[in-house]
Amino acid sequence: MPELPEVETVVRGMAQVLPGLKVTAVEGIAPMEAVGKQVQSVRRYGKFIILDFSDGMLFIHLGMTGQLMVSSDTSKFTRGRLLFEGATVRYDDIRKFGKMFWDTHYPKRGPDPLELTPEEFIALAKRRKTRIKALLLDQSALRGMGNIYTDEALFHAKIHPCASAAKLSRARLATLHQCTREILREAIAAGGSSISDYVDARGEKGGYQLRHQVYGKHGQPCPICGTVLQRMLVTQRGTTFCPRCQTR
DNA sequence: CTTAATGTTCCCCA
DNA sequence: TTGGGGAACATTAA
């Protein structure tokens with residue numbers, strides 16, 4: 001579930017309740033370093049949720065099926081909890097690909113796509129020979145994009161997932177950058193995409209999945225030209241695209 | 001029974 | 001060093 005828009009949505013929900021609260025206890029995989037300390041702020045770093053404390057940060061990565069919500073209940077998939085005075089945050093994760101850890105420095109990641117200028121994006125792509133989809137998914141190149149928004153952005157920009165990043169014209173890269181920003185912003189405004197597991201900090205689903213144009217829609221007609229949407233594997237990730245609209 | 005799933009990391013090879 | 005391919009991790013749903 002969790003790509004930049006979903007993580008941003010969770011962060012905004014947590015930011016409404018956690019700042020100022022003190023951690024009284026932790027359970028499961030929640031790091032003990034947080035106990036007795038007060039949350040200063042909640043932020044997003046790529047796909048990480050960060051709870052800031054005076055002497056360190058609690059990083060949470062939702063993996064594929066992680067859910068972080070304000071709830072005093074537990075489920076059979078609850079892997080950790082943060083108990084505060086007056087609130088409880090529960091971390092559920094069916095597939096256990098997610099993580100929670102304490103650190104004093106950031107994991108190495110590329111720039112945030114929403115903070116990047118068109119020129120910076122073009123320069124980034126021009127120095128990489130890889131396929132454009134692989135570049136967008138590479139967190140060390142760009143932090144936050146995942147399989148859903150990569151397919152949606154490439155479709156909107158009419159770029160084939162296997163196009164060489166460096167060989168794309170500056171104009172097409174500028175278009176891709178613009179489409180990426182618009183899609184991410186709209187997805188955040190819609191509360192993210194709920195495909196199977198994603199819910200926000202209150203346990204509510206997002207609404208952007210209703211506006212997906214190609215993700216998970218192989219076999220259906222392209223919403224622009226009617227050609228059957230194709231599916232292929234790129235970097236071992238299912239990729240859906242329009243073979244007519246999207247060119248290299 | 002088989003396949004695919006919103007992600008990351010590590011290993012091997014060119 | 002860069003990049004591609006594949007596997008692994010763990011679980012559910014179709």
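No hydrogens, no waters, no symmetry mates; every other heavy atom, side chains included, goes into these values. Residue numbers start from 1 in every chain, and the chains themselves are labelled A, B, ... in the order their sequence lines are given, proteins ahead of strands.
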Rounding to an integer number of Å, can you tell me how far A/Ile195 CD1 sits from C/dT12 C1'? 16 Å

What's the CG-C1' distance between A/Leu135 and C/dG4, to the nearest Å? 14 Å

Rounded to whole Å, how long is the line connecting atom CG of A/Asp93 with atom C1' of B/dT8? 13 Å

Whole-angstrom distance between B/dT3 and C/dG6, as gauged at atom P: 15 Å

Spacing of A/Tyr149 atom OH relative to B/dG7 atom C1', expressed in whole Å: 15 Å

Would you say A/His61 places a side-chain N or O within less than 4.0 Å of OP1 or OP2 belonging to B/dG7? no

Taking donor-acceptor contacts at under 3.5 Å, does the side chain of A/Gln236 reach the base of C/dG6? yes

Need one value for A/Arg79: base, sugar-phosphate or nothing, where a base atom within 4.0 Å counts as base even if backbone is also close, heavy atoms only. nothing

May I ask you to evaluate whether A/Arg128 reaches the phosphate of C/dT1, defined as a side-chain N or O under 4.0 Å from OP1 or OP2? no

Whole-Å distance separating the NZ atom of A/Lys96 from the P atom of C/dT11: 4 Å

Can you tell which of A/Ile49, A/Leu4, A/Val10 makes a side-chain contact (heavy atoms from CB on, under 4.5 Å) with A/Arg44? A/Leu4

Before you tell me yes or no, could you show the steps for A/Tyr106 and A/Tyr45 under ring pair (Phe, Tyr, Trp, His ring centres under 6.0 Å), namely the whole-Å CA-CA distance, both residues' side-chain angles and the distance that decides it to 0.1 Å? CA-CA 9 Å; A/Tyr106 295 86; A/Tyr45 177 69; 4.9 Å; yes

A/Tyr215 OH to B/dA5 P: how many Å, rounded? 6 Å

What is the distance, to the nearest angstrom, from the CE atom on A/Met145 to the P atom on B/dT8? 12 Å

Just compare B/dG7, B/dT9, C/dG4 and give me whichever is closest to any side-chain atom of A/Arg109. B/dT9

N/O (side chain, A/Lys99) to phosphate O (OP1/OP2, B/dT8) under 4.0 Å: no

May I ask whether A/Leu62 and A/Leu58 are part of the same hydrophobic cluster, defined by side-chain heavy atoms of I, L, V, M, F, W, Y residues being less than 4.5 angstrom apart, directly or through others? yes

Please indicate yes or no: is the ring centre of A/Phe97 less than 5.5 Å from the centre of the six-membered base ring of B/dT8, with the two planes inclined by under 30 degrees? no

Whether the side chain of A/Gln236 engages the backbone of A/Val234 through a donor-acceptor N/O pair (distance < 3.5 Å, no angle test) should be reported. no

Proximity to the side chain of A/Arg231 - top-ranked nucleotide from C/dA10, B/dA4, C/dG4: B/dA4

Rounded to whole Å, CG of A/Asp151 lies from P of B/dA4 at a distance of 15 Å

Both A/Leu137 and A/Gly238 contact DNA chain B. Which one's nearest nucleotide lies toward the 5' end? A/Gly238

Go through C/dG4, B/dT9, B/dG7 for me and flag the one nearest to the A/Pro2 side chain. B/dG7

Assert: residue with more 5' nearest nucleotide on DNA chain C, out of A/Lys76 and A/Thr130, is A/Thr130

Quick one: does A/Glu152's side chain have a donor or acceptor within less than 3.5 Å of a partner on A/Val214's backbone? yes

OP1 or OP2 of B/dT8 versus the side-chain N and O atoms of A/Arg237: is any pair under 4.0 Å? no

Salt-bridge criterion met for A/Asp92 and A/Arg90 (N-O under 4.0 Å): yes

pair_partner(B/dT2), Watson-Crick or wobble, both distances < 3.5 Å, evaluates to C/dA14

